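Proteins come first, then strands; the chains are lettered A, B, ... in the order of their sequence lines, and each starts at number 1. None of the values given here were measured: they were computed from a predicted structure.
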Amino acid sequence: MVMSEREVSINVPVELPTEVKSLFLPIPKNMVEEVYRSDEYLVLIGPAHPGSGHMRIILRLKGDYIVEAIPDPGYVHRAVEKLAETRLFVHNIPLVERPTIAESSIMDHGYVRAIEELGQLDVPPRAQYLRVIMDELSRIGDHLYDTGILAVFLGHSTGYMWGFGLREFIVDALARMTGARITVSFVIPSGVRWDVHPDTLRYIYNMTFFIEKKIDELGTIFTKNPVTVSRMKSVGVLTKDECIRFGAVGPFLRACGVEYDNRKVRPYAVYDQLEWEVPVADEGDAYSRFLVRVEEIRQSLNIIRQAVKNIPEGPVIGSKLMARVPPKERERVAKDIRNYLFRLLIGLTLPEGEATTLTEAARGTLLYSLVSDGKSNVPYRLRMITPSWYNLRPFMESLKGYRLMDLPAIYGSWGYFPPEADR
Amino acid sequence: MGDTGVNTLKITLKSIGIDIKLLPDSWASWGTKFSIWPAHLVTACCGVEFAHTSAPGYDAERWGFLPIFGPRQTNAIVIEGTVTRKMAKVVKVAYEQMPYPKFVIAMGSCAMEGGVFWNSYHVVRVSDIVPVDAWVMGCPPTPEAVIRAIRMVQDKIEGKEVKPNIRPSQFDLTKLKPDKPQRPPNPPHRIEFELIKDINVCKPMPNVKWELGQKLVDGFKSTLGNGVKNAVVRNVNDLCITLDSAGRLREAVESAFKLGFDHVKSINVIDLINAGVFRMEYVLGSYMNKELMPVLLTIYFDVPRDEAKVPSIIDLYPGADYQERELYDLFGVWFEGNPWMGSNFLLDPDTPVKYPLRKEYRIPSLKGVVVER
């Protein structure tokens, strides 16, 4: 049937609803008016929604296509950068891991590397290997966390159960190594807190095979499920050029076809001595952003196995720090810094200057800029930029042009974690 | 608010003034006890352990505790961690939408006293917003601790005495009383920001040999001419360029863009209060140029604190947009050309302090806290 189209103008006076004032909309008022008078909708997603943490997205819809997406972050802004200026260098370790406690070890590692670079502290090889094992465990844990949240977004509660059920093993391994399930605070300047028993390492080595087997099973249940594929394929596409322009990082950048991983490009710890690959996808859609991270879990398992096999014997505290321990105690403290941690590190004053470190966190580049004035034993300024904060802009760009019902799939595919973004 | 429990399971017809009981008390409390479905309101990072509580490892659904998306169909709400000023309004709205009887479990040290964030300008206490029935301690609390809090709420519904179901061992503290009053040790903080006039952030490491870096530095010196105050190779893969004024930024950034630096890693402000300047810092990197991939190019320049205006670079680097908005929120640096300037992005409009990361705003520190015993 052919319908003839004809423009009809209806002159009805329209007034803005009074609620607009009380909604604290962080957008220009004339935009609200403009949307209200035209044939469009303004839809507020959040701040209370069943995802991970809180963020409001203000969507401008035409029909049910998203024309514009404006974020309203800051619901979990807790002023980490300001608080760091009132605490000792070593006291900041528990503070910087709070924004992303699911991968606390990586957050500590980046911050501690900035201290080591500025203070010229040395790290023994055994501590480097332990750091790598913990980082990769955290990375797997974080990707499983994101898998679970993505499954919640898609309404697939079995996927959530699998993601978090597998995470329980990672958390258990961290608890065996460090004593804490989530917030480990295990990495300290010039080493790690204590040596890990070979039995624990053997447990982690065996666990990697179990996780690998279960990841395959998760593939049949969730990853390759036709519902998951059809919800996420060809949705939220960003081209390679757009990804770079809007500043995507980490697995989300690699899903657009850019082979950039800080562990390869600016190697730290012992990543250059281990063999592993960087998973890259070309599509740049929501599904490839998810698949790249699933593949990264396999690579991380591979790294852990190599690290456990190759880990050398020796102390876990660097020689510069050990020089300040009484000779009688040195043999014990080299394996376990307990009782000496604060005696050695409380007066730590770093030379004047700035150190910038790039770390590959689970969701991408983690940047710390540590400025020390040379006199205080607190940082003069700590700049911390987390992967989710980088990814917010490309996330908003990837929403444009897709339908409102695709929003949960796109949101889940970016692994956006508001406490991490807002700091 | 506050009158929770079985007595509220009734309908009051105000017009005629009679109470209609829906169910016998014992039935109602039994039913409520095993169906406290909490509203899913992740306020902060404790949500990670809260998710584990409902995951296969602990499976809190065994006690009838299953997170539900909307607050309008729930009996309980779990405040998962820190509540910021911006979030407090949302918590209040969500709490008021819940039907009676309603219970609140506050999770984590941050919800009690602020925890690690006790001196933050953007954090409030949960007890100031909603009445709390059960507190869970820990940072973050383990799933077992959350389940104990669920049991406490269930005891409250049944009208039993509400107490923690871990009993600590009893000890008579009066015997430990010291003869002399003890004084706490001095906090070891040595904060000497008042003495700092200038920080040399561009200090090159000794004995750095890096040919590409030297070539890039010479290139910048020749293109920018006298706009460059100082250009050095700070370390391998780390360049440092100091410009003489904010006006030269566009020129420097454009030449870097032409060389292949295609994204901004960081925009930073260092507040040198005694010198009266903000030291701006731009860190650029490259994704597409294999040779430049590991290189970090850092550009510094000073702007006066009282009139901090910097040209925006979002037309070249749209990825830097949100960092510029953030720094306007935190420092009050005006990025000319960014359309968002003038309104808050991260901070709540009611935050008591404007531009909180400036050095003149001091937050309470352990240094100033006096403990009395």
*Asks:* Give, as side chain, backbone, both or neither, the part of Glu242(A) having an atom under 4.5 angstrom from any heavy atom of chain B.
*Replies:* neither
*Asks:* Parallel under 30°, tilted from 30 to 60°, perpendicular over 60°: which one fits the rings of Tyr121(B) and His77(A)?
*Replies:* tilted
*Asks:* Parallel, tilted or perpendicular: which fits the ring planes of Tyr322(B) and Trp389(A), with parallel below 30° and perpendicular above 60°?
*Replies:* tilted
*Asks:* How far apart are the closest heavy atoms of Leu83(A) and Val116(B), and which atoms are they?
*Replies:*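 Nearest heavy atoms, Leu83(A) then Val116(B): CD1-O, 4.1 Å.
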*Asks:* What I want to find out is whether Arg181(A) reaches Glu49(B) closely enough, with some N-O distance under 4.0 Å, to be called a salt bridge.
*Replies:* yes
*Asks:* Would you check if Asp72(A) and Lys86(B) make a side-chain contact, meaning some heavy-atom pair closer than 4.5 Å?
*Replies:*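 Heavy-atom side-chain distance check passes, below 4.5 Å.
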*Asks:* Pick one of side chain, backbone, both or neither for Lys264(A), based on which atoms fall under 4.5 Å of a heavy atom in chain B.
*Replies:*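 Lys264(A) has no heavy atom closer than 4.5 Å to chain B.
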*Asks:* By a 4.5 Å heavy-atom criterion (distance strictly below it), what part of Thr100(A) contacts chain B: side chain, backbone, both, or neither?
*Replies:*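 Contact with chain B is absent: no heavy atom of Thr100(A) under 4.5 Å.
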*Asks:* Any non-hydrogen side-chain atom of Arg393(A) less than 4.5 Å from a side-chain atom of Pro318(B)?
*Replies:* yes
*Asks:* Applying side chain to side chain contact (heavy atoms under 4.5 Å, CB included), name anything that partners Pro67(B), two or more places apart in sequence or on another chain.
*Replies:* His40(B), Phe50(B), Ser54(B)
*Asks:* Does any heavy atom of chain A fall under 4.5 Å from the side chain of Pro356(B), the backbone, both, or neither of them?
*Replies:* backbone
*Asks:* Please state whether the side chain, the backbone, both or neither of Pro71(A) comes within less than 4.5 Å of a heavy atom of chain B.
*Replies:* both
*Asks:* Using every non-hydrogen atom in the two residues, find where Tyr380(A) and Lys359(B) come nearest and quote the distance to one decimal.
*Replies:*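 That would be O-NZ, 2.6 Å.
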*Asks:* Any salt bridge between Glu326(B) and Arg423(A), counting N to O under 4.0 Å?
*Replies:* yes
*Asks:* Within the 4.5 Å heavy-atom criterion, are Phe246(A) and His263(B) side-chain neighbours or not?
*Replies:*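 With C-beta onward as the side chain, the pair stays apart.
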*Asks:* In terms of heavy-atom proximity below 4.5 Å to chain B, should Met384(A) be classed as side chain, backbone, both, or neither?
*Replies:* neither
*Asks:* Would you mind reporting whether Lys265(B) and Thr356(A) have side-chain heavy atoms less than 4.5 Å apart?
*Replies:* no
*Asks:* May I ask you to name which of Asn344(B), Ile267(B), Asp198(B) has the most heavy-atom pairs under 4.5 Å with chain A?
*Replies:*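 Of the candidates given, the most pairs with chain A belong to Ile267(B).
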*Asks:* Taking side chain as everything from C-beta outward and backbone as N, CA, C, O, which of these in Leu347(B) sits under 4.5 Å from a heavy atom of chain A? Side chain, backbone, both or neither.
*Replies:* side chain
*Asks:* Sort Ser286(B) into side chain, backbone, both or neither according to what part of it lies under 4.5 angstrom from a heavy atom of chain A.
*Replies:* backbone
*Asks:* Please give me the minimum heavy-atom distance between Pro140(B) and Thr183(A), naming the atom from each residue.
*Replies:* CD-OG1, 3.5 Å
*Asks:* Under a 3.5 Å distance rule, please check whether Lys203(B) uses its side chain to pair with a backbone N or O of Glu352(A) as donor and acceptor.
*Replies:* yes
*Asks:* Using only atom types and a distance under 3.5 Å, with no angle test, would you say the side chain of Arg266(A) pairs donor to acceptor with the backbone of Pro294(B)?
*Replies:*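 Yes.
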*Asks:* I want to check something: taking the side chain as every heavy atom from C-beta on, are Val283(B) and Arg383(A) in contact at a cut-off of under 4.5 Å?
*Replies:*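 No, too far: nothing below the 4.5 Å cut-off.
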*Asks:* Could you tell me whether Glu291(B) atom CD has more than 12 heavy atoms of other residues or ligands within 6.0 Å of it?
*Replies:* no
*Asks:* Is the backbone of Arg362(B) close enough, under 3.5 Å, to the side chain of Lys82(A) for a donor and an acceptor to pair up by distance?
*Replies:*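 No; zero donor-acceptor contacts below 3.5 Å.
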*Asks:* Counting only non-hydrogen atoms closer than 4.5 Å, does Val90(B) touch chain A with its backbone (N, CA, C, O), its side chain (CB onward), both, or neither?
*Replies:* side chain
*Asks:* If I measure from the heavy atoms of chain B, does Pro267(A) come under 4.5 Å with its side chain, its backbone, both, or neither?
*Replies:*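 Pro267(A) has no heavy atom closer than 4.5 Å to chain B.
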*Asks:* Is it possible for you to check whether Lys89(B) lies under 6.0 Å from the centre of the six-membered ring of Tyr75(A), through NZ or CZ, and within 45° of that ring's axis?
*Replies:*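 Judged by the rule, Lys89(B) and Tyr75(A) form no cation-pi pair.
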*Asks:* So what's closer than 4.5 Å to chain B heavy atoms on Ile182(A): side chain, backbone, both or neither?
*Replies:* side chain
*Asks:* Taking side chain as C-beta onward, heavy atoms only, is Ile199(B) less than 4.5 Å from Glu354(A)?
*Replies:*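 Of all side-chain heavy-atom pairs linking Glu354(A) with Ile199(B), none is under 4.5 Å.
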*Asks:* Report which part of Glu281(B) has an atom under 4.5 Å of a heavy atom belonging to chain A: side chain, backbone, both, or neither.
*Replies:*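 When you check distances to chain A, only side chain atoms of Glu281(B) fall under 4.5 Å.
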*Asks:* Looking at chain A, which one of Asp262(B), Ile363(B), Ile270(B) has the largest number of heavy-atom pairs inside 4.5 Å, strictly under?
*Replies:* Ile363(B)
*Asks:* Pick from Leu330(B), Val123(B), Val269(B): which one has the most heavy-atom pairs with chain A under 4.5 Å?
*Replies:* Val269(B)
*Asks:* State, to 0.1 Å, how close Tyr160(A) and Ala55(B) come at their nearest heavy-atom pair, and which atoms those are.
*Replies:* OH-N, 4.0 Å
*Asks:* Quick check on Ile70(A) against chain B: is it the side chain, the backbone, both or neither that has a heavy atom closer than 4.5 Å?
*Replies:*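 For Ile70(A), the contact with chain B is made by the side chain alone.
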*Asks:* Could you pull out the closest heavy-atom pair between Met288(B) and Ile244(A), with the gap in Å?
*Replies:* SD-CD1, 3.3 Å
*Asks:* Heavy-atom pairs under 4.5 Å with chain A are the metric here; pick the option from Asp271(B), Leu316(B), Asp348(B) that has the most.
*Replies:* Asp271(B)
*Asks:* Tell me, for Ala248(A) versus chain B, whether the close heavy atoms (under 4.5 Å) come from the side chain, the backbone, both or neither.
*Replies:* backbone
*Asks:* Using a 3.5 Å distance criterion without hydrogens, assess whether the side chain of Arg98(A) forms a donor-acceptor pair with backbone atoms of Cys139(B).
*Replies:* yes
*Asks:* What part of Glu85(A) gets closer than 4.5 Å to chain B, counting heavy atoms only: side chain, backbone, both or neither?
*Replies:* both
*Asks:* Quick one: of Ala51(B), Cys110(B), Gly47(B), Gly57(B), who has the most non-hydrogen atom pairs under 4.5 Å with chain A?
*Replies:*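 Going by pairs under 4.5 Å, I would pick Ala51(B).
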*Asks:* Could you tell me if the side chain of Met87(B) sits less than 4.5 Å from the side chain of Pro418(A), heavy atoms only?
*Replies:*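 Heavy-atom side-chain distance check fails, nothing below 4.5 Å.
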*Asks:* Any idea which heavy atoms bring Gly74(A) and Thr84(B) closest together, and the distance?
*Replies:* O-OG1, 4.3 Å
*Asks:* Do Val48(B) and Arg167(A) have side chains that get closer than 4.5 Å, going by heavy atoms?
*Replies:*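 Yes, at least one pair of side-chain atoms sits under 4.5 Å.
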